[in-house]
Amino acid sequence: MPSSTSAPTELPKPPKLDLDEFVATALSATPAELHPFFESFGKLHTRKLWHQLTLKLYEFFDHPLSRPFRVNVFEQFVRDFESKLNQLKLVEMGTKVSKEIDNPQSQLLFLTSILSRIDAETSQEAYVLLLANIAYAKLVYGDLEGTKTDMDTAWKTLDRLEGVDTAVNASYYKVAADYYKAKAEYAPYYKHSLLYLACVDVATDLTSEERLLRAHDLGISAFLGDTIYNFGELLMHPILDALDNTQYDWIKKLLFTFNEGNIGKFEALAPLFPQEPILEENYPFLRQKICLMALIESVFKRNANDRTMSFQTIAEETRLPVDEVEHLIMKALSLKLIRGSLDQVDQKARITWVQPRVLSRAQIGELATRLGAWIDKLGSVEQRMTPHVSAAA
């Protein structure tokens, strides 16, 4: 199967539309509930009211009884005047209709045929939306190379557009996330999946099953992503509510445990790892990650003038032997989680910077407490200085 959309994929052009014959045939072949649509199609087409006809077509394609007739209506009716329609609306209708085609190869042919009739320069959003849907069809079909080719082509256009329709962004980020899931590339999946969720209404655009699967996969990718050491953005996202009272609710608890760098809770949850074999297989990595998270959290909690830590202190907070602390700090430095220096003679680490983080509500509360203490301290200094300033005046 070809892996790019450049191969000839044009469907045969249907015969020229005979409007009266189309409407009459439709009225005899469809349920009575759909007849008002076809009567409206005839009137609006005759009057060349393309915008109103587009809205009526949207209503038709959303009607549950229209499903068996969607492909024929698109191919025999819409295709006759598609150049007169808003091309983004045309593509949205086309991608919806394509979901009624069960055969993956036929679905791909249907979509690539539409793509061949879209001007990539004058209808850039429509082009990206359609290309992203073609990439997704290829992903379902198992053509990972073709998926990546179309993703890259779509991104070249999307990256230079401004004010893009959210449906276009959502379509791209969804296929990108699912592509990286298929490749088991956890950090890119995590990034693109969160971007996808930022483009949709989680409560209405995703089914309960989709919410549960997305939340589960985000959790696993957060644990196994080798560059992900801050879970704050995910922890505050409503998608995680999908895990509540399910067989995966312990994954949500584990996410909060990592974000807190709480090794005790990590060890308490570890017996559940066999429920997710991939976590059990990667236990050594997860153990090192929770130690790094504990180190980051320990540094974060300290005042800026109190970030010189002995190896012994770090060993206690990460539950590591003292002779493994140096390696842990070097790992944190190499991942750019912290900046600073090591004093191997005195066995101390001087931390000058910790990676900026998206804070959980609990961490924000702790920061507010520290800020309040700093303000109180500043107020006491001001009170001590006031008599001296007054005397000098």
Side-chain angles (χ1 to χ4, degrees), residues 185-188 190-191 194 221-236 254-267 269-270 279 282-381:
E185 296 182 21
Y186 302 108
Y190 183 85
K191 171 188 172 183
L194 284 174
S221 64
F223 299 139
L224 299 179
D226 57 4
T227 58
I228 303 171
Y229 286 87
N230 180 10
F231 299 169
E233 188 175 357
L234 176 58
L235 295 182
M236 291 188 290
L254 188 60
L255 284 166
F256 279 93
T257 295
F258 265 91
N259 201 61
E260 296 166 7
N262 191 318
I263 296 176
K265 289 183 180 179
F266 171 84
E267 291 174 343
L269 289 168
L279 296 184
N282 288 275
Y283 183 83
F285 171 77
L286 295 173
R287 179 73 198 193
Q288 181 188 65
K289 189 165 190 171
I290 190 67
C291 289
L292 285 166
M293 299 288 269
L295 174 62
I296 295 169
E297 187 66 15
S298 177
V299 174
F300 177 76
K301 287 179 178 178
R302 292 171 176 267
N303 294 322
N305 59 357
D306 183 29
R307 288 184 173 174
T308 297
M309 304 169 68
S310 69
F311 284 14
Q312 182 61 43
T313 298
I314 294 172
E316 291 169 1
E317 301 210 6
T318 59
R319 300 195 185 183
L320 284 174
V322 175
D323 59 2
E324 293 183 20
V325 167
E326 184 178 345
H327 175 74
L328 182 74
I329 297 170
M330 291 178 68
K331 182 71 175 177
L333 289 167
S334 69
L335 289 168
K336 296 181 171 55
L337 302 176
I338 59 173
R339 292 179 195 154
S341 59
L342 288 175
D343 186 333
Q344 294 168 315
V345 176
D346 291 340
Q347 292 204 313
K348 289 183 178 180
R350 294 182 177 86
I351 312 301
T352 58
W353 175 89
V354 63
Q355 184 186 66
R357 318 179 68 194
V358 177
L359 303 180
S360 67
R361 290 182 177 86
Q363 289 168 321
I364 291 172
E366 186 174 320
L367 194 61
T369 301
R370 284 164 52 191
L371 183 60
W374 179 80
I375 292 172
D376 291 342
K377 186 176 180 180
L378 194 62
S380 66
V381 170

Participant: Give a yes or no on whether a salt bridge exists between Glu324 and Arg319, defined as a side-chain N under 4.0 angstrom from a carboxylate O.
Facilitator: no
Participant: Go through the steps for Phe223 and Leu255 under the test side-chain contact (heavy atoms from CB on, under 4.5 Å), then give the verdict.
Facilitator: CA-CA 8 Å; Phe223 299 139; Leu255 284 166; 3.6 Å; yes
Participant: Angle class for the Phe266/Phe258 ring planes (parallel below 30°, perpendicular above 60°, tilted otherwise)?
Facilitator: perpendicular
Participant: side-chain contact (heavy atoms from CB on, under 4.5 Å) between Leu337 and Val299: does it pass, once the steps are laid out?
Facilitator: CA-CA 11 Å; Leu337 302 176; Val299 174; over 6 Å; no
Participant: Quick one, Leu328 with Leu292, criterion side-chain contact (heavy atoms from CB on, under 4.5 Å). Give me CA distance, side-chain angles, the key distance, then yes/no.
Facilitator: CA-CA 7 Å; Leu328 182 74; Leu292 285 166; 3.6 Å; yes
Participant: Which heavy atom of Ala187 sits nearest a heavy atom of Thr227, and at what distance?
Facilitator: CB-OG1, 3.4 Å
Participant: Could you list the residues that satisfy ring pair (Phe, Tyr, Trp, His ring centres under 6.0 Å) with Tyr229, not counting sequence neighbours?
Facilitator: none
Participant: Quick check: does any side chain N or O of Lys331 sit under 3.5 Å from a backbone N or O of Lys289, one acting as donor and the other as acceptor?
Facilitator: no
Participant: To the nearest 0.5 Å, tell me how far Arg307 CZ sits from Ile338 CD1.
Facilitator: 10.5 Å
Participant: What closest approach, in Å, do Tyr186 and Ser221 show between heavy atoms, and which atom pair accounts for it?
Facilitator: O-CB, 3.5 Å
Participant: Going through the distances and angles, do Ile290 and Glu267 end up as a side-chain contact (heavy atoms from CB on, under 4.5 Å)?
Facilitator: CA-CA 10 Å; Ile290 190 67; Glu267 291 174 343; over 6 Å; no
Participant: Taking all atoms of both residues into account, what is the closest heavy-atom pair of Ala222 and Tyr190, and its distance?
Facilitator: CB-CE1, 3.7 Å
Participant: Can you give the donor-acceptor pairs under 3.5 Å from side chains of residues 344-355 to other protein atoms, not counting sequence neighbours?
Facilitator:
residue, atom, partner, partner atom, Å
Gln344, NE2, Glu326, OE2, 2.3
Thr352, OG1, Arg339, O, 3.2

Participant: Can you give me the closest heavy-atom contact between Leu279 and Leu286, atom names plus distance?
Facilitator: O-CD1, 3.5 Å
Participant: Any non-hydrogen side-chain atom of Phe311 less than 4.5 Å from a side-chain atom of Asp323?
Facilitator: no
Participant: Please tell me if the side chains of Asn259 and Asn230 come closer than 4.5 Å, counting only heavy atoms from C-beta onward.
Facilitator: yes
Participant: Please report the interatomic distance OG1(Thr318) to CZ(Arg287), rounded to the nearest 0.5 Å.
Facilitator: 8.5 Å
Participant: Which pair of heavy atoms, one from Pro321 and one from Ala315, lies closest together, and at what distance?
Facilitator: C-CB, 4.4 Å
Participant: What distance do Leu320 atom CG and Cys291 atom SG have between them, rounded to the nearest 0.5 Å?
Facilitator: 4.0 Å
Participant: So which heavy atom on Ala294 is nearest to which on Ile263, and how close?
Facilitator: CB-CD1, 3.9 Å
Participant: Distance-only, no hydrogens or angles: does the Asn282 side chain make a donor-acceptor pair with backbone N or O of Phe285 under 3.5 Å?
Facilitator: no
